[in-house]
Amino acid sequence: MRLDSLRPGDSPRTTVNAEHIERIAHSTTRVPPILVHRGSMRIIDGHHRFQAAVRLGREEIDVLFLDGDADTAFLHAVTENTAHGLPLSLGERKAAAFRVLATHRGLSDRAIARVTGLSAKTIAQMRSAAEAPSSNTEMRRGLDGRSRPVTAAAGRRRAAELMIRMPTAPLREIAKAAGVSVGTAHDVRKRLLHGEDPVPRRRSAVGPAADAHAGPLGGAEAGAAARVAVAAGPAAARDTATNTATGDDERADLGMLLRRLVADPSLRQTDTGRQLLRLLHAHTTAGIDWPAMADMLPPHCAETVIRVARECARGWELLVRTLELRATDPS
(Lines give C-alpha, C1' and ligand atoms only; values in the text may rest on other atoms or scores of the structure.)
Protein backbone atom coordinates (compact mmCIF):
# COMPACT_ATOMS: atom_id res chain seq x y z
CA MET A 1 0.00 0.00 0.00
CA ARG A 2 1.31 3.45 -0.92
CA LEU A 3 2.29 5.60 2.06
CA ASP A 4 0.58 8.69 0.65
CA SER A 5 -2.79 6.87 0.66
CA LEU A 6 -2.70 6.28 4.43
CA ARG A 7 -3.84 8.68 7.15
CA PRO A 8 -2.84 8.99 10.81
CA GLY A 9 -5.20 6.95 12.96
CA ASP A 10 -6.88 7.27 16.32
CA SER A 11 -4.14 5.83 18.50
CA PRO A 12 -3.99 5.39 22.27
CA ARG A 13 -0.46 6.84 22.10
CA THR A 14 -0.25 10.55 22.85
CA THR A 15 3.37 11.01 21.66
CA VAL A 16 5.67 9.71 18.96
CA ASN A 17 9.02 8.30 20.13
CA ALA A 18 11.76 9.44 17.73
CA GLU A 19 14.29 6.99 19.13
CA HIS A 20 11.93 4.08 18.52
CA ILE A 21 11.43 5.23 14.92
CA GLU A 22 15.22 5.24 14.41
CA ARG A 23 15.55 1.74 15.88
CA ILE A 24 12.91 0.42 13.46
CA ALA A 25 14.49 2.23 10.51
CA HIS A 26 17.90 0.69 11.20
CA SER A 27 16.58 -2.78 12.07
CA THR A 28 17.82 -5.63 9.88
CA THR A 29 14.73 -7.76 10.52
CA ARG A 30 11.56 -7.48 8.48
CA VAL A 31 8.91 -5.54 10.38
CA PRO A 32 5.34 -6.88 10.47
CA PRO A 33 2.58 -5.21 8.41
CA ILE A 34 0.77 -2.25 9.91
CA LEU A 35 -2.95 -2.49 10.71
CA VAL A 36 -5.22 -0.15 8.72
CA HIS A 37 -8.95 0.58 8.99
CA ARG A 38 -10.32 -0.22 5.55
CA GLY A 39 -13.19 2.27 5.60
CA SER A 40 -11.11 5.34 6.49
CA MET A 41 -7.58 4.20 5.52
CA ARG A 42 -6.44 5.35 8.96
CA ILE A 43 -3.59 3.56 10.70
CA ILE A 44 -4.78 1.51 13.67
CA ASP A 45 -1.45 0.00 14.73
CA GLY A 46 2.01 0.71 13.35
CA HIS A 47 2.48 4.49 13.51
CA HIS A 48 6.17 4.12 14.37
CA ARG A 49 6.67 1.63 11.53
CA PHE A 50 4.93 4.05 9.16
CA GLN A 51 7.20 6.91 10.24
CA ALA A 52 10.26 4.65 9.86
CA ALA A 53 9.22 3.88 6.26
CA VAL A 54 8.88 7.62 5.59
CA ARG A 55 12.28 8.18 7.22
CA LEU A 56 13.82 5.64 4.81
CA GLY A 57 12.20 7.27 1.78
CA ARG A 58 10.01 4.32 0.89
CA GLU A 59 6.82 4.73 -1.08
CA GLU A 60 4.97 1.58 0.01
CA ILE A 61 4.42 -0.48 3.15
CA ASP A 62 2.79 -3.83 3.91
CA VAL A 63 -0.64 -3.51 5.51
CA LEU A 64 -3.40 -5.66 6.98
CA PHE A 65 -6.95 -4.31 6.72
CA LEU A 66 -9.57 -4.27 9.47
CA ASP A 67 -13.28 -3.77 8.86
CA GLY A 68 -15.66 -2.27 11.41
CA ASP A 69 -16.61 1.08 12.93
CA ALA A 70 -14.33 3.63 14.56
CA ASP A 71 -14.90 2.31 18.08
CA THR A 72 -13.97 -1.22 17.00
CA ALA A 73 -10.86 0.15 15.30
CA PHE A 74 -9.79 1.96 18.48
CA LEU A 75 -10.34 -1.19 20.55
CA HIS A 76 -8.03 -3.09 18.19
CA ALA A 77 -5.51 -0.24 18.36
CA VAL A 78 -5.37 -0.49 22.14
CA THR A 79 -5.11 -4.29 22.00
CA GLU A 80 -2.25 -4.27 19.50
CA ASN A 81 -0.30 -1.46 21.20
CA THR A 82 -0.61 -3.20 24.56
CA ALA A 83 0.45 -6.60 23.22
CA HIS A 84 3.68 -5.63 21.45
CA GLY A 85 6.00 -2.83 20.40
CA LEU A 86 6.75 0.23 22.48
CA PRO A 87 4.82 -0.08 25.77
CA LEU A 88 2.02 2.38 26.46
CA SER A 89 2.47 4.59 29.51
CA LEU A 90 0.20 4.14 32.52
CA GLY A 91 -1.56 7.38 31.66
CA GLU A 92 -2.15 6.26 28.07
CA ARG A 93 -3.53 2.90 29.21
CA LYS A 94 -5.88 4.55 31.69
CA ALA A 95 -7.10 7.06 29.10
CA ALA A 96 -7.70 4.20 26.68
CA ALA A 97 -9.57 2.25 29.38
CA PHE A 98 -11.92 5.17 30.08
CA ARG A 99 -12.72 5.41 26.38
CA VAL A 100 -13.32 1.65 26.04
CA LEU A 101 -15.59 1.77 29.10
CA ALA A 102 -17.62 4.47 27.36
CA THR A 103 -17.85 2.76 23.96
CA HIS A 104 -17.98 -0.91 25.04
CA ARG A 105 -19.93 -0.89 28.30
CA GLY A 106 -20.95 -4.50 27.77
CA LEU A 107 -17.38 -5.80 28.08
CA SER A 108 -16.45 -7.32 31.43
CA ASP A 109 -13.78 -5.83 33.69
CA ARG A 110 -11.46 -8.76 32.91
CA ALA A 111 -11.88 -8.30 29.15
CA ILE A 112 -11.07 -4.58 29.30
CA ALA A 113 -8.16 -5.30 31.63
CA ARG A 114 -6.73 -7.74 29.10
CA VAL A 115 -7.06 -5.17 26.31
CA THR A 116 -5.51 -2.25 28.21
CA GLY A 117 -2.89 -4.03 30.30
CA LEU A 118 -4.45 -2.87 33.58
CA SER A 119 -5.80 -4.99 36.42
CA ALA A 120 -9.47 -5.98 36.59
CA LYS A 121 -9.66 -4.28 40.00
CA THR A 122 -8.47 -1.00 38.47
CA ILE A 123 -11.04 -1.30 35.66
CA ALA A 124 -13.81 -1.93 38.19
CA GLN A 125 -12.84 1.21 40.11
CA MET A 126 -12.72 3.24 36.90
CA ARG A 127 -16.12 1.90 35.83
CA SER A 128 -17.60 2.82 39.20
CA ALA A 129 -16.22 6.35 38.92
CA ALA A 130 -17.34 6.80 35.31
CA GLU A 131 -20.87 5.38 35.46
CA ALA A 132 -23.96 6.44 37.37
CA PRO A 133 -25.58 3.59 39.37
CA SER A 134 -28.66 3.63 37.12
CA SER A 135 -26.52 3.15 33.99
CA ASN A 136 -24.92 -0.13 35.02
CA THR A 137 -25.75 -2.97 32.63
CA GLU A 138 -26.73 -6.34 34.06
CA MET A 139 -24.95 -8.32 31.31
CA ARG A 140 -21.29 -8.12 30.29
CA ARG A 141 -19.30 -9.95 27.67
CA GLY A 142 -16.23 -11.85 28.86
CA LEU A 143 -12.94 -12.87 27.27
CA ASP A 144 -14.58 -15.94 25.71
CA GLY A 145 -17.18 -13.79 23.95
CA ARG A 146 -20.08 -15.05 26.09
CA SER A 147 -22.40 -12.63 27.89
CA ARG A 148 -23.01 -13.24 31.57
CA PRO A 149 -24.92 -11.41 34.32
CA VAL A 150 -22.86 -9.08 36.48
CA THR A 151 -24.34 -10.64 39.64
CA ALA A 152 -26.09 -13.90 40.44
CA ALA A 153 -29.22 -11.94 41.37
CA ALA A 154 -29.27 -10.25 37.96
CA GLY A 155 -29.04 -13.63 36.24
CA ARG A 156 -31.91 -15.04 38.28
CA ARG A 157 -34.16 -12.05 37.53
CA ARG A 158 -33.30 -12.28 33.86
CA ALA A 159 -34.23 -16.00 33.87
CA ALA A 160 -37.52 -15.23 35.61
CA GLU A 161 -38.38 -12.56 33.04
CA LEU A 162 -37.71 -15.01 30.21
CA MET A 163 -39.88 -17.68 31.86
CA ILE A 164 -42.79 -15.24 32.05
CA ARG A 165 -42.41 -14.25 28.40
CA MET A 166 -41.74 -17.82 27.19
CA PRO A 167 -43.49 -20.19 29.63
CA THR A 168 -43.06 -23.22 27.34
CA ALA A 169 -39.35 -22.69 26.58
CA PRO A 170 -36.98 -25.49 27.74
CA LEU A 171 -34.91 -24.72 30.82
CA ARG A 172 -31.71 -25.19 28.84
CA GLU A 173 -32.76 -22.42 26.45
CA ILE A 174 -33.75 -20.13 29.34
CA ALA A 175 -30.43 -20.76 31.11
CA LYS A 176 -28.39 -20.00 28.00
CA ALA A 177 -30.26 -16.76 27.30
CA ALA A 178 -30.01 -15.59 30.92
CA GLY A 179 -26.37 -16.58 31.34
CA VAL A 180 -27.03 -18.93 34.27
CA SER A 181 -26.71 -22.66 34.84
CA VAL A 182 -29.60 -25.04 34.13
CA GLY A 183 -29.71 -25.86 37.84
CA THR A 184 -30.18 -22.18 38.67
CA ALA A 185 -32.90 -21.87 36.04
CA HIS A 186 -34.69 -24.87 37.56
CA ASP A 187 -34.51 -23.30 41.02
CA VAL A 188 -35.91 -20.03 39.66
CA ARG A 189 -38.84 -21.86 38.05
CA LYS A 190 -39.56 -23.74 41.26
CA ARG A 191 -39.56 -20.47 43.22
CA LEU A 192 -41.93 -18.83 40.76
CA LEU A 193 -44.31 -21.78 40.95
CA HIS A 194 -44.42 -21.35 44.72
CA GLY A 195 -44.98 -17.59 44.48
CA GLU A 196 -41.51 -16.76 45.82
CA ASP A 197 -38.95 -14.17 44.79
CA PRO A 198 -36.63 -15.70 42.16
CA VAL A 199 -33.64 -14.35 44.15
CA PRO A 200 -33.03 -15.97 47.56
CA ARG A 201 -33.00 -13.42 50.35
CA ARG A 202 -29.31 -14.03 51.13
CA ARG A 203 -28.41 -12.98 47.57
CA SER A 204 -30.66 -9.94 47.50
CA ALA A 205 -29.25 -6.54 48.30
CA VAL A 206 -30.31 -5.22 51.72
CA GLY A 207 -32.28 -2.03 52.19
CA PRO A 208 -35.11 -0.05 50.56
CA ALA A 209 -32.86 1.30 47.82
CA ALA A 210 -32.01 -2.20 46.70
CA ASP A 211 -35.69 -3.13 46.48
CA ALA A 212 -36.35 -0.01 44.42
CA HIS A 213 -33.69 -1.02 41.88
CA ALA A 214 -34.43 -4.72 41.92
CA GLY A 215 -36.17 -4.51 38.55
CA PRO A 216 -39.52 -5.89 37.41
CA LEU A 217 -38.99 -9.12 39.31
CA GLY A 218 -37.51 -7.81 42.54
CA GLY A 219 -39.51 -8.25 45.72
CA ALA A 220 -42.02 -10.70 47.13
CA GLU A 221 -44.82 -9.64 44.76
CA ALA A 222 -42.91 -10.96 41.76
CA GLY A 223 -43.67 -14.63 42.35
CA ALA A 224 -47.43 -14.24 42.38
CA ALA A 225 -47.57 -12.83 38.86
CA ALA A 226 -44.81 -15.05 37.54
CA ARG A 227 -46.36 -18.21 38.93
CA VAL A 228 -49.43 -17.83 36.72
CA ALA A 229 -47.36 -17.38 33.57
CA VAL A 230 -44.87 -20.16 34.28
CA ALA A 231 -47.39 -22.73 35.46
CA ALA A 232 -50.01 -21.80 32.83
CA GLY A 233 -52.61 -20.95 35.45
CA PRO A 234 -53.13 -20.95 39.24
CA ALA A 235 -54.52 -24.46 39.13
CA ALA A 236 -51.27 -25.79 37.73
CA ALA A 237 -49.35 -24.08 40.50
CA ARG A 238 -51.64 -25.61 43.14
CA ASP A 239 -51.23 -29.02 41.55
CA THR A 240 -47.45 -28.61 41.57
CA ALA A 241 -47.44 -27.61 45.23
CA THR A 242 -49.75 -30.52 46.11
CA ASN A 243 -47.62 -32.98 44.17
CA THR A 244 -44.49 -31.70 45.89
CA ALA A 245 -46.05 -32.13 49.32
CA THR A 246 -47.30 -35.60 48.39
CA GLY A 247 -43.87 -36.56 47.13
CA ASP A 248 -42.28 -35.42 50.40
CA ASP A 249 -44.75 -37.51 52.40
CA GLU A 250 -44.12 -40.55 50.22
CA ARG A 251 -40.35 -40.19 50.64
CA ALA A 252 -40.80 -39.96 54.40
CA ASP A 253 -42.91 -43.16 54.37
CA LEU A 254 -40.35 -44.94 52.18
CA GLY A 255 -37.60 -43.91 54.58
CA MET A 256 -39.49 -45.49 57.46
CA LEU A 257 -40.08 -48.71 55.49
CA LEU A 258 -36.42 -48.88 54.52
CA ARG A 259 -35.33 -48.54 58.14
CA ARG A 260 -37.61 -51.44 58.96
CA LEU A 261 -35.94 -53.57 56.27
CA VAL A 262 -32.45 -52.60 57.44
CA ALA A 263 -33.35 -53.77 60.94
CA ASP A 264 -34.30 -57.21 59.62
CA PRO A 265 -31.34 -59.58 60.24
CA SER A 266 -32.44 -61.93 57.44
CA LEU A 267 -31.54 -59.19 54.97
CA ARG A 268 -28.74 -57.47 56.83
CA GLN A 269 -26.70 -60.64 57.38
CA THR A 270 -26.70 -62.00 53.81
CA ASP A 271 -24.80 -60.78 50.73
CA THR A 272 -27.94 -60.71 48.56
CA GLY A 273 -29.91 -58.93 51.27
CA ARG A 274 -27.22 -56.28 51.76
CA GLN A 275 -27.01 -55.73 48.00
CA LEU A 276 -30.78 -55.24 47.83
CA LEU A 277 -30.69 -52.80 50.76
CA ARG A 278 -27.99 -50.74 49.06
CA LEU A 279 -30.02 -50.53 45.86
CA LEU A 280 -33.19 -49.57 47.72
CA HIS A 281 -31.32 -47.00 49.80
CA ALA A 282 -29.88 -45.33 46.68
CA HIS A 283 -33.37 -44.77 45.26
CA THR A 284 -35.35 -43.83 48.36
CA THR A 285 -33.17 -41.46 50.41
CA ALA A 286 -31.46 -39.35 47.75
CA GLY A 287 -34.56 -37.21 47.12
CA ILE A 288 -33.70 -37.03 43.44
CA ASP A 289 -35.49 -34.35 41.44
CA TRP A 290 -35.98 -36.32 38.22
CA PRO A 291 -37.48 -33.46 36.12
CA ALA A 292 -34.53 -31.23 37.05
CA MET A 293 -32.10 -33.99 36.17
CA ALA A 294 -33.81 -34.44 32.79
CA ASP A 295 -33.60 -30.70 32.12
CA MET A 296 -29.87 -30.61 32.91
CA LEU A 297 -29.03 -33.68 30.83
CA PRO A 298 -27.09 -32.84 27.63
CA PRO A 299 -29.25 -33.66 24.57
CA HIS A 300 -26.64 -35.97 23.05
CA CYS A 301 -26.81 -38.22 26.15
CA ALA A 302 -30.60 -38.53 26.24
CA GLU A 303 -30.96 -41.64 24.06
CA THR A 304 -28.29 -43.55 25.97
CA VAL A 305 -29.75 -42.59 29.35
CA ILE A 306 -33.22 -43.62 28.17
CA ARG A 307 -31.95 -47.09 27.23
CA VAL A 308 -30.02 -47.57 30.48
CA ALA A 309 -32.85 -46.21 32.66
CA ARG A 310 -35.41 -48.38 30.87
CA GLU A 311 -33.34 -51.48 31.51
CA CYS A 312 -33.00 -50.52 35.18
CA ALA A 313 -36.75 -49.99 35.38
CA ARG A 314 -37.34 -53.42 33.79
CA GLY A 315 -35.13 -54.99 36.44
CA TRP A 316 -37.12 -53.40 39.27
CA GLU A 317 -40.39 -54.31 37.55
CA LEU A 318 -39.25 -57.94 37.27
CA LEU A 319 -38.45 -57.97 41.00
CA VAL A 320 -41.88 -56.49 41.82
CA ARG A 321 -43.76 -58.99 39.65
CA THR A 322 -41.80 -61.94 41.02
CA LEU A 323 -42.50 -60.90 44.62
CA GLU A 324 -46.17 -60.22 43.89
CA LEU A 325 -46.51 -63.62 42.21
CA ARG A 326 -44.85 -65.32 45.15
CA ALA A 327 -47.16 -63.46 47.57
CA THR A 328 -50.32 -64.60 45.74
CA ASP A 329 -49.06 -68.13 45.12
CA PRO A 330 -46.79 -69.23 48.00
CA SER A 331 -46.39 -72.70 46.44
Side-chain angles (χ1 to χ4, degrees), residues 1-124 126-127 130-131 137 139-148 179:
M1 178 64 63
R2 290 186 58 83
L3 295 179
D4 57 11
S5 65
L6 301 177
R7 304 164 60 193
D10 192 6
S11 172
R13 297 187 187 279
T14 57
T15 60
V16 176
N17 189 303
E19 292 183 359
H20 189 56
I21 293 174
E22 288 296 320
R23 281 195 296 269
I24 296 175
H26 291 90
S27 174
T28 58
T29 60
R30 184 181 180 85
V31 296
I34 65 174
L35 190 61
V36 176
H37 183 229
R38 190 189 301 274
S40 63
M41 297 301 289
R42 290 184 179 275
I43 301 171
I44 296 174
D45 177 51
H47 289 82
H48 287 100
R49 280 167 278 165
F50 174 84
Q51 292 295 334
V54 174
R55 170 79 172 75
L56 294 171
R58 294 175 180 170
E59 296 183 353
E60 295 183 343
I61 190 171
D62 294 335
V63 304
L64 292 175
F65 286 108
L66 174 75
D67 295 313
D69 57 21
D71 291 336
T72 300
F74 182 77
L75 186 65
H76 277 274
V78 177
T79 303
E80 295 297 326
N81 280 276
T82 301
H84 62 78
L86 189 67
L88 295 173
S89 68
L90 178 60
E92 289 171 334
R93 284 182 281 140
K94 283 191 173 183
F98 272 120
R99 178 166 170 179
V100 173
L101 281 168
T103 58
H104 295 78
R105 289 175 50 207
L107 284 179
S108 69
D109 294 341
R110 288 179 179 271
I112 297 178
R114 175 71 65 85
V115 168
T116 59
L118 299 171
S119 69
K121 181 178 179 180
T122 298
I123 298 299
M126 295 173 67
R127 189 193 296 272
E131 294 183 349
T137 179
M139 300 289 288
R140 293 180 189 161
R141 190 170 71 254
L143 293 170
D144 57 0
R146 295 178 58 189
S147 295
R148 296 180 178 84

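Atom CZ of Arg127 sits about 7.5 Å away from atom OG of Ser108, to the nearest 0.5 Å. With rounding to the nearest 0.5 angstrom, the NZ atom of Lys94 is 9.5 Å from the CD1 atom of Ile123. Put simply, CZ on Arg23 and NE2 on His26 are 12.0 Å apart, with the number rounded to the nearest 0.5 Å. Rounded to the nearest 0.5 angstrom, Thr15 OG1 and His20 NE2 are separated by 11.5 Å.
Residue Val36 forms a side-chain contact (heavy atoms from CB on, under 4.5 Å) with just one option from Ile61, Leu6, Leu64, Ile44, and that option is Leu6. Under the side-chain hydrogen bond (donor to acceptor under 3.5 Å, both in side chains) rule, Asp45 has a single partner from His47, His48, Arg49, which is Arg49.
With hydrogens and angles ignored, the 3.5 Å screen pairs no side-chain donor or acceptor of Arg2 with any backbone N or O of Glu60. A donor-acceptor pair under 3.5 Å links the side-chain atoms of Thr79 to the main chain of Leu75, judged by distance alone.
Open room surrounds CZ on Arg58; 12 or fewer heavy atoms of other groups in view lie less than 6.0 Å from it.
Of all the heavy atoms in Arg55 and Glu22, the pair that sits closest is NE-OE2, 2.8 Å. In plain terms, the two heavy atoms of Ala52 and Ala25 that are nearest each other are CB-N, 3.9 Å. Heavy atoms only, all atoms of each residue included: His104 and Ile112 are closest at O-CD1, 4.3 Å. What you find for Ala120 and Asp109 is that their closest heavy atoms are O-CB, 3.9 Å. Contact between Thr116 and Arg93 at its shortest, heavy atoms only, is O-CD, 3.0 Å. The two residues Gly46 and Ile34 come nearest to each other via the heavy atoms O-CG2, 3.6 Å.
At least one side-chain heavy atom of Leu118 sits less than 4.5 Å from a side-chain heavy atom of Met126. Between Leu86 and Arg13 the shortest side-chain heavy-atom distance falls below 4.5 Å. Using a 4.5 Å heavy-atom cutoff, the side chains of Val115 and Thr82 are not in contact.
Partners of Asp62 under the side-chain hydrogen bond (donor to acceptor under 3.5 Å, both in side chains) rule, at least two apart in sequence or in another chain, are Arg30.
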